[in-house]
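Below: the structure, in structure tokens.
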Amino acid sequence: TPAGALVKQARQRLDKSEWDQAIQDCKKALALEPKNPDASVVIGMALNGKGDYDGAIKEFDKVTGLSGRDFAPQPCRCLRESFILALPEG
């Protein structure tokens, strides 16, 4: 799908630390598929890369509220909790 291709491109941008471009690609994907969990996860990962930990947690929270035929929110809840535990203290 076009949204899937944008998310794939965004994941490649994460590998290059191109945080803002990855976020923009995922926002385009979400405009096409508003409940695309992969796009929200990648946005969270990009925000984490930028040091915006609160923003990353909010994105992961969005994903846990999604549901669909091919999506189970439980793994994202675990991802969110692991992410919070790994945050630097302070």
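Keep in mind that this is a model prediction, so the values were computed, not measured.
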Looking at every heavy atom in both A29 and L6, which two are closest together, and how far apart are they? N-CD1, 3.7 Å

For G49 and W19, work out which heavy atoms get closest and say how close. O-NE1, 3.5 Å

Roughly how far, to the nearest 0.5 Å, is the SG atom of C26 from the CZ atom of R11? 8.0 Å

Smallest heavy-atom separation, Y53 atom then N48 atom, equals CE2-OD1, 3.3 Å

At what distance, to the nearest 0.5 angstrom, does NZ of K8 lie from OG1 of T1? 11.5 Å

Using the test side chain to side chain donor-acceptor pair (under 3.5 Å), find all partners of R13 that sit at least two apart in sequence or belong to another chain. E18, D25

Once salt bridge (Lys or Arg N to Asp or Glu O under 4.0 Å) is applied, do any residues pair with K50, and if so which ones, sequence neighbours excluded? D20

Mind checking the CD-CE spacing from E59 to M45? Nearest 0.5 Å is all I need. 12.5 Å

If you link I, L, V, M, F, W and Y whenever their side-chain heavy atoms are under 4.5 Å apart, who else ends up in the same group as L30? I23, I43, L47

Shortest non-hydrogen contact from N36 toward A39: OD1-N, 3.0 Å

